[in-house]
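Following: one structure in structure tokens, then a few remarks.
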Amino acid sequence: MSKNNPSLLLKNGRLIDAGQNLDGKFDIFIVDGKVNEVATGLDVVADQVIDLGGLWVLPGAIDLHVHLREPGYEYKETILSGAQAAVAGGFTSIACMANTNPVNDNAAVTRFILEQARTAPAKVLPIAAISQGMQGEALVEMGDLVEAGAVAFSDDGKTVPNSKLLRHALEYASLFKKPLLCHCQDNALFADGVIHEGVISASHGLAGIPSLAEEIDIARTIMLAEYLRVPVHICHLSSRGGVELVRAAKARGVRVTAEATPHHLFLDERAVADLEYREPLDETAKPSMLCYNTNTKMSPPLRSAEDVAALRQALSEGLIDVIATDHAPHEATEKAVEYDLAPFGVVGLETALALALRLVEEGDLTPLQMVARMSLRPAAILGLNSCGSLAPDMAADLMIVDPEREWVVDPQKFHSKARNTPFAGWRLKGRVVKTFVDGRVVFSI
Ligand code: DOR
Ligand code: ZN
Ligand code: ZN
């Protein structure tokens with residue numbers, strides 16, 4: 001065995017791998033950065049042996065929706081800091097959106113991202129824009145971008161309002177066998193809204209974003225994909241109506257896939273007006289201490305409790321294929337402004353796994369379903385064939401999880417440069433203790 005790539009035996013872990021439909025006590029033998037063998041009571045000679053004593057072994061999570069802010073907004077996040085946050089959260093591959101500056105709409109930017117990612121601890125997969133400059137007018141050179149390494153196309157942050165352009169994007173993306181990831185919103189209905197149009201927008205005087213803004217655009221996107229008989233992926237479903245559109249489309253045989261974020265699965269519109277202070281409010285608390293928490297502002301917005309229930313149900317049924325974070329880092333000072341003025345977006349890479357484990361605890365997902373939503377399905381949607389499962393010959397991209405370990409979300413301890421989480425102060429259970437990429441330790445606590 002070469003010293004650079006020592007072989008490794010992980011013993012006595014609970015392997016949970018949807019790709020092999022395995023959930024049980026297995027040993028994993030890793031050679032040359034790949035899984036060599038998976039069996040009970042493996043009797044092999046390895047350079048290194050780690051006894052996991054019952055800790056969980058999961059394929060590395062794959063996030064098909066993150067925003068790293070490089071190039072252009074390195075003060076919010078860099079490819080390196082984003083990748084460090086990823087591996088701390090158990091993500092071994094992250095696909096990064098194109099809304100950088102310059103926009104990732106040409107091969108030079110894609111190559112730059114891949115170059116910066118060479119020394120990053122996670123695998124960073126560039127998503128190219130759909131339209132030049134994300135202006136919604138002219139298609140990018142998809143062939144060039146695929147050749148440079150783009151894994152998908154998205155104008156995320158914006159919709160593609162021109163249906164003819166969206167049609168051509170769907171046609172070309174399907175020719176190149178790359179997914180089109182659609183941020184669905186009707187711009188006129190979205191207007192200058194900042195939170196969900198509902199009881200809180202009405203009672204608190206904040207401009208609302210109706211669920212209809214999402215639903216109309218999901219309907220249009222699905223209709224185009226159905227007409228063209230091509231696949232399409234819907235980003236961050238947030239509404240019950242959106243879920244029903246995806247349900248009906250899947251039933252008709254449309255090749256539509258969808259994701260939901262942890263924040264839309266755990267929080268509703270009421271979180272917007274929540275106190276920033278999590279401690280029980282004492283009688284001396286003054287109204288002046290009350291404020292909106294701008295770390296609940298994202299697009300699409302947190303919706304009603306009914307919508308959250310519909311998303312959970314859809315995730316459980318597999319109608320929602322994937323949990324994706326929409327990790328959207330912003331600097332503290334940018335969020336420390338009036339609610340109207342704060343930028344949309346919250347971070348998610350370092351809290352997603354523990355929140356997904358809470359879905360398991362609450363009975364929405366089995367452990368195997370959780371792994372399917374976080375590893376197997378995202379790999380399939382992105383067309384990655386060497387990760388997403390720990391079957392023999394796959395990359396040894398994996399996380400070791402202590403399912404019993406409790407921790408409190410402290411944004412100051414994030415590896416991300418950003419702190420804008422709505423989950424600050426939450427007590428979560430389940431922690432990543434080690435992450436491996438290609439058989440090498442990239443994170444350890
Ligand atoms: O909340 C969001 N933040 N939604 C988006 O669509 C874009 C993202 C960002 O880039 O900050
Ligand atoms: Zn989006
Ligand atoms: Zn996004």
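Read the numbers this way: they start at 1 and go in the same order the structure lists the ligands and their atoms. Atoms considered below: every heavy atom in the structure, side chains included; atoms not considered: hydrogens, waters and symmetry mates.
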The Zn ion (ligand 3) has as its nearest N, O or S atom from D326 the atom OD1
Atom of A342, atom of K297 and distance for their closest heavy-atom approach: O-NZ, 2.6 Å
Nearest-option assignment for atom 9 (C) of ligand 1, heavy atoms, candidates M298, M97, R69: R69
Just to be sure I read this right, does ligand 1 sit under 4.0 Å from the backbone of A328, its side chain, both, or neither, counting only heavy atoms? side chain
Near the Zn ion (ligand 2), is there an N/O/S atom from D156 that is less than 2.8 Å away? yes
Nearest to the Zn ion (ligand 2), which N, O or S atom of H183 do we find? ND1
Please identify which atoms of ligand 1 are closer than 4.0 Å to at least one heavy atom of G157. 5 (C), 6 (O), 7 (C)
Can you sort out which atoms of ligand 1 are near H330, meaning under 4.0 Å from one of its heavy atoms? 11 (O)
Any N, O or S atom of H65 closer than 2.8 Å to the Zn ion (ligand 2): no
Which protein non-hydrogen atom lies closest to atom 1 (O) of ligand 1, naming both residue and atom, and how far is it? S299 N, 2.9 Å
Checking heavy atoms under 4.0 Å, the part of H67 that sits near ligand 1 is side chain
Taking E226 as the fixed residue, which of R220, R252, R167 is the one that meets the salt bridge (charged side-chain N to carboxylate O under 4.0 Å, His left out) rule? R252
Closer than 4.0 Å to some heavy atom of H183 - which atoms of ligand 1 meet that? 6 (O)
Ring-ring centroid check F344 Y339, cutoff 6.0 Å: no
Any N/O of F344 closer than 3.5 Å to an N/O of ligand 1? yes
Starting from atom 10 (O) of ligand 1, what is the nearest protein heavy atom, named by residue and atom, and what distance separates them? N99 ND2, 2.8 Å
Is the distance between the Zn ion (ligand 2) and the nearest N/O/S atom of C235 smaller than 2.8 Å? no
